[in-house]
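The structure under discussion appears below in the form of structure tokens.
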Amino acid sequence: MPVALVALALGGFGIGLTEFVIMGLLPEVAGDFDVSIPVAGYLISGYALAVAVGAIFPTAAVTRLPRKRVLVSLMFLFIAGNLLSALAPVYELMLAGRVLAALTHGTFFGIGSVVAAALVPPNRKAGAVAIMFTGLTTANVLGVPLGTFLGQALGWRSTFWAIAAIGVVALIGIQLLVPGAKVDADVAPTRLRAELTALRHPQVWWTVAITILAFGGMFGAFTYIAPLVTEVSGFASGTVPWLMLVFGVGLFAGNLFGARMADRNLDATMLVLLVGLTVVMAAFWLLAGFKVITVVAVLLMGGFGFGTVPPLQTRVMTYGGDAPTMASAINIAAFNVGNALGAWLGGLTIAAGLGFTSPLWVGAALAAVSVVLMATAAVTKPEGHAATEVPTPVG
């Protein structure tokens, strides 16, 4: 395994940590800036919207530039965004720091995948890309609970200082270990007009809509998990990192299960996972006062929710035809539009006085609509279109 892949994975770890760790620290951040929990939730939805923008337009803008230089530049921006978040004296600057860091997200994983594949022989490319994305998965399973522990023990700003430090190490690793000449040898201009052909197939848009609703449901509910489990379920604040770990385990297991089952029957897998996600969030809403139910529900939310990533990515790339790159980028944006939509809707229900369980029924409703769309997409798809490959999942 080329050691440069470790540097790329570390960058992915830092980016994944930046995106998700704020969920476990939302009460602390809200209290420090003297804003409500729903307003603090904009730090999550704002990040997600910035990722949605950054997944498409910056990637298209830098495809003609040397890839190693782009990755190094992205890590500089990532570090700057997290330093701004750590130092922010007011909420608005914290939000600006989140947006700045988020703009690097989609482009880093898009360019990083190409770089990882260029580092190994042709028969090992998929494995190399998988290693790079291990950083994102590890961020959810281990990084988020550890970051939440750190933030609760030393103050939430310490977590963003630590993330900035991870970014520095990743930047140095990329600069020293990634062979620029090798990975830039096959750089070719991207023909945007050709890539936009991905937008012509109706099934691409069906899949994008399902992605927005499914992830809007799951992450909209999970955005407010810290106040939910402490104020409703009766857990102490010190247990929040452990529940984040449970959620991360669910993500990891769901990712593996979704990838394996999607290779057998793509659309049936999607329907099972979406129905499961709907049922879990509805049950969680009704039974959030029971601690055991809460732990199980958090695990299953992560499992059913993240299990949809491989089949969704497979589906959008399949129907993207000769333009899978643009189709994939659009779906990356869709994941984060869903995150932003869910967090916003959940915040509205809390602000309306409906309680910290209200994002769960909002999430269940969004997931239920996604089931209807998936069933419709399955019966209206053209004959003979079957996925042949499950790509490495992205976040």
Side-chain angles (χ1 to χ4, degrees), residues 23 48 205-225 228-229 232-233 243 246-247 249-259 261-262 265-290 292-316 331 334-350 354-380 393:
M23 295 178 183
W205 290 108
W206 280 114
T207 309
V208 166
I210 294 163
T211 298
I212 291 172
L213 291 168
F215 263 66
M218 181 184 72
F219 275 105
F222 196 71
T223 292
Y224 304 100
I225 193 68
L228 169 64
V229 300
V232 179
S233 303
L243 290 171
V246 170
F247 183 70
V249 171
L251 297 183
F252 185 81
N255 178 50
L256 295 178
F257 175 81
M261 297 307 296
N265 192 316
L266 183 62
D267 288 353
T269 297
M270 281 299 309
L271 283 169
V272 169
L273 291 170
L274 292 173
V275 169
L277 180 62
T278 303
V279 171
V280 167
M281 287 193 291
F284 194 6
W285 168 48
L286 295 172
L287 303 171
F290 298 91
V292 173
I293 296 295
T294 294
V295 174
V296 174
V298 166
L299 177 69
L300 293 179
M301 274 177 58
F304 282 112
F306 214 74
T308 64
V309 175
L312 282 169
Q313 283 298 103
T314 299
R315 203 172 196 280
V316 79
N331 211 45
F335 281 117
N336 289 278
V337 169
N339 293 354
L341 175 66
W344 177 67
L345 291 175
L348 286 181
T349 61
I350 294 173
L354 299 178
F356 289 121
T357 60
S358 57
L360 288 169
W361 61 256
V362 171
L366 291 175
V369 176
S370 76
V371 172
V372 175
L373 293 187
M374 184 63 242
T376 305
V379 299
T380 58

Exercise for the section: Show your reasoning for whether side-chain contact (heavy atoms from CB on, under 4.5 Å) applies to Asp267 and Arg315. Expected result: CA-CA 9 Å; Asp267 288 353; Arg315 203 172 196 280; 2.9 Å; yes
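- Here the shortest heavy-atom pairing between Pro359 and Gly220 reads CB-O, 3.8 Å.
- Side-chain contact check for Phe215 versus Leu341: every heavy-atom pair is 4.5 Å or farther apart.
- Under the 3.5 Å distance criterion, the side-chain polar atoms of Thr357 are left unmatched by any main-chain donor or acceptor of Trp285.
- Rounding to the nearest 0.5 angstrom, the gap separating the OG1 atom in Thr278 from the CG atom in Leu273 is 10.5 Å.
- Note: Asn265 CG to Met270 CE = 12.0 Å, rounded to the nearest 0.5 Å.
- Across all non-hydrogen atoms, the minimal contact from Leu373 to Ala209 is CD1-CB, 3.9 Å.
- The neighbour count for Trp344 CH2, taken as heavy atoms of other residues, nucleotides or ligands under 6.0 Å away, does not exceed 12.
- Note that OH of Tyr224 is 12.0 Å distant from CG of Leu360, once rounded to the nearest 0.5 Å.
- Here the side chains of Val279 and Phe304 are not in contact, with every heavy-atom distance at 4.5 Å or above.
- Separation of atoms CG (Leu274) and CG (Leu213) is listed at 9.5 Å; rounding is to 0.5 Å.
- For Ser358 against Ile350, the heavy-atom pair with the smallest separation is OG-N, 3.7 Å.
- Annotation: side chain of Val362 is not in contact with side chain of Leu348 (no heavy-atom distance under 4.5 Å).
- To the nearest 0.5 Å, atom OG1 of residue Thr211 and atom CG of residue Asn339 are 11.0 Å apart.
- In terms of heavy atoms, Ala221 sits closest to Met281 at CB-SD, 4.0 Å.
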Practice task
Would you check, one step at a time, whether the test side-chain contact (heavy atoms from CB on, under 4.5 Å) holds for Ile210 with Thr308?
Solution key: CA-CA 10 Å; Ile210 294 163; Thr308 64; over 6 Å; no
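- Taking CD1 from Ile225 and CZ from Phe356, the interatomic distance works out to 12.0 Å, rounded to the nearest 0.5 Å.
- Summarising the geometry of Ala343 relative to Thr223, their closest heavy-atom pair is CB-OG1, 3.8 Å, with the distance given to 0.1 Å.
- When all heavy atoms are compared, the tightest approach of Ala288 to Val232 is CB-CG1, 4.0 Å.
- Relative orientation of the Phe247 and Phe222 rings is parallel, given thresholds of 30° and 60° on the angle between their planes.
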